[in-house]
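Remember, it's 1-based here, ligands and their atoms both numbered in the order they're listed. Here the structure is a predicted model, which means the values were calculated and not measured. Residues take their numbers from the sequence shown, with the count starting at 1.
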Amino acid sequence: MLLIEHLDQLYTCTGTTARSGASQSDAGLVTDGAVLSDGPTIIAAGPTADVRSRVTDPSAIRVIDGRGRSLVPGFVDGHTHVVFAGDRREELRRRLDGVAYADIAAAGGGILSTVRATRSATEAQLIEETSVRLAEMLAAGTTTCEAKSGYGLDVESEVRMLRVIGALGARQPIELSATFMGAHEVPPEYRGRQTDFVRLVIDKMIPAAAGIAEWCDVFCDTGFFTPDESRAILEAGAARGLKPRIHADELAPSGGSAVAAEVGARSADHLVHVPPAGIAALAAAGVVATLLPTAAFYLKLGKLAPARDLIAAGVPVALATDVNPGGGFSPSMPFAMTLACFGMGLSLEEALAAATLNGACSLDLQHELGSIEAGKRADLVVLRSPRLLDLVRVGVPAIRAVVKNGREVVREGSLVPRDAGSA
Ligand code: NIG
Ligand code: FE
């Protein structure tokens, strides 16, 4: 058993339903807080005196003094393209020179450049390269993340990416939720034959991905897939048990949010250009808005998603990193929270709920994780500072330890090997 006690600030984010509207800012602050866990599961959390009273055999617990520290739930990053091969740092340089993401993509760069590298990589290479990125995410406090295919764009390569996600789930601490995203871009061999490619996705890729992935995603945007194509793909996925989520209104107001509402997507992501009618549709359909300010920032979109309007309309807002070789240049959920607070007008508490419980809700994991309460998984981030606020000091090491399933997996920025003893 593990007891962390006398924490200056414990943020529990309790619950099993997404925070929205006024409750988005309810992060469940407890001062002089404590958490007691037994193996992978939390037994009690709350004021230290209450939690202490639950300890029956003091000799069986390891006690950590939390004085001068704060504690938050492990971050749940609900949108990543963390599996890929190759490197597109050169595109970042071109964007610094003023070239737009859409222009780089139209010239054969962007997603297609990663498709070339990923198709020619072996499964072992993909596992190796992705492990490095997952370790960076873990050190930044992410204990669960979603991971998409979408750099294969043929049946075999898409399935290979999904197998890699499965293999990585068993090889490193971050828990992974797999998404099939065959409709991420039209591959070169289908240029000018987009309809045929959509048929390939529906007739061949979705049946192959069913049973391996949990989710189906589509890049519904200007220059990529239309709302009609996206709807057809997401409905075909749902018919095979792949639950819908969608890239919506990132580059232009292109109808993705309306499709999300129509098909009952769990999450609509990006939403930089979501129109008022799209916000109303998301609210009415109970879709989580997963916002990715890091991508908008590194892509230099000149605009961030209208988070305040979404919250005002009652749409639950989640935050994710969008780790990818193009614009997802930071693996850090605290950086996404920083941009959300200082660029999109969220309060610190709203951003925390977005990065934890609402992320879990976006992945249907709200009954197991996303908050610190009895019965949920002991996924914890111990902050060096007594104040949550210090999490948004970019460039300062803010995290003292990361605990996944009750085991300390990161200590002072370094990974703790699996056999180094429990937390
Ligand atoms: O979420 N928008 C589509 N997909 C990614 C970008 C992927 C890439 O550029 O490789 C995104 O931003
Ligand atoms: Fe994405």
Side-chain angles (χ1 to χ4, degrees), residues 77-95 99-119 121 126 129-130 133 145-153 157-158 161 165 177-187 215-225 229-230 233 244-252 254 256-257 260 265 267-274 289-301 303-305 318-331 336 339 359 362-363:
D77 185 346
H79 182 138
T80 84
H81 306 255
V82 67
V83 180
F84 63 84
D87 184 323
R88 280 161 50 202
R89 283 178 170 78
E90 192 46 41
E91 287 181 13
L92 271 116
R93 295 212 54 93
R94 287 174 66 196
R95 277 206 298 282
V99 186
Y101 176 72
D103 295 335
I104 293 171
I111 294 169
L112 290 181
S113 132
T114 303
V115 170
R116 289 189 289 276
T118 304
R119 281 180 174 178
L126 285 172
E129 291 181 26
T130 305
R133 292 186 281 272
C145 85
E146 184 261 15
K148 303 176 199 296
S149 70
Y151 293 123
L153 308 188
S157 310
E158 284 293 305
M161 287 191 72
I165 296 168
S177 181
T179 298
F180 162 69
M181 197 179 179
H184 194 194
E185 171 59 299
V186 178
W215 304 95
C216 182
D217 193 348
V218 177
F219 192 2
C220 180
D221 223 313
T222 304
F224 294 86
F225 295 89
E229 291 167 340
S230 303
I233 291 166
R245 50 202 310 113
I246 184 170
H247 282 62
D249 300 315
E250 178 189 6
L251 306 173
S254 35
S257 40
S267 177
D269 301 11
H270 285 292
L271 301 173
V272 175
H273 293 276
V274 64
T290 297
L291 307 184
L292 310 156
T294 309
F297 176 77
Y298 282 117
L299 292 178
K300 295 175 73 180
L301 297 185
K303 195 169 150 49
L304 299 175
L319 287 169
T321 61
D322 199 18
V323 163
N324 74 69
F329 208 50
S330 168
L339 291 173
S362 83
L363 295 175

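Here the angle centred on the Fe ion (ligand 2), running from NE2 of H79 over to NE2 of H81, is 110°, rounded to 10°.
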Step by step, would you call D269 with H247 a side chain to side chain donor-acceptor pair (under 3.5 Å)? CA-CA 5 Å; D269 301 11; H247 282 62; 5.6 Å; no

Please step through side chain to side chain contact (heavy atoms under 4.5 Å, CB included) for the pair L301 and H273, ending with a clear verdict. CA-CA 10 Å; L301 297 185; H273 293 276; 5.6 Å; no

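Summary of contacts: the protein heavy atom closest to atom 4 (N) of ligand 1 is H184 NE2, 2.8 Å. The shortest contact between atom 5 (C) of ligand 1 and any protein heavy atom is with H81 NE2, 3.4 Å. Of the protein's non-hydrogen atoms, the one nearest atom 2 (N) of ligand 1 is E250 OE1, 2.8 Å.
Heavy-atom separations between N324 and ligand 1 include at least one value shorter than 4.0 Å.
A side-chain N or O of T290 and one of S267 form a donor-acceptor pair less than 3.5 Å apart. In this structure, a donor-acceptor pair under 3.5 Å is absent between the side chains of D249 and H270. A donor and an acceptor atom, one from each side chain of D77 and T321, are located under 3.5 Å apart.
The contact set between ligand 1 and H79, taken as ligand atoms under 4.0 Å from a residue heavy atom, comprises 1 (O). Proximity to I111 (heavy-atom distance under 4.0 Å) selects the following atoms of ligand 1: 7 (C), 8 (C), 9 (O), 10 (O).
Distance check: I165 CD1 to T179 OG1 gives 7.0 Å after rounding to the nearest 0.5 Å. If you take CG on D322 and CG on L291, they are separated by 11.5 Å, rounding to the nearest 0.5 Å.
With a heavy-atom cut-off of 4.0 Å, Y101 touches ligand 1 through its side chain alone.
A parallel orientation is assigned to the rings of H184 and H81, their planes being inclined by less than 30° (bins at 30° and 60°).
In D322, the N, O or S atom that comes nearest to the Fe ion (ligand 2) is OD1.
In this comparison of D322, L299, L251, I104, the heavy atom closest to atom 11 (C) of ligand 1 sits on D322. Scanning Y151, F219, F224 for the heavy atom closest to atom 10 (O) of ligand 1 points to Y151.
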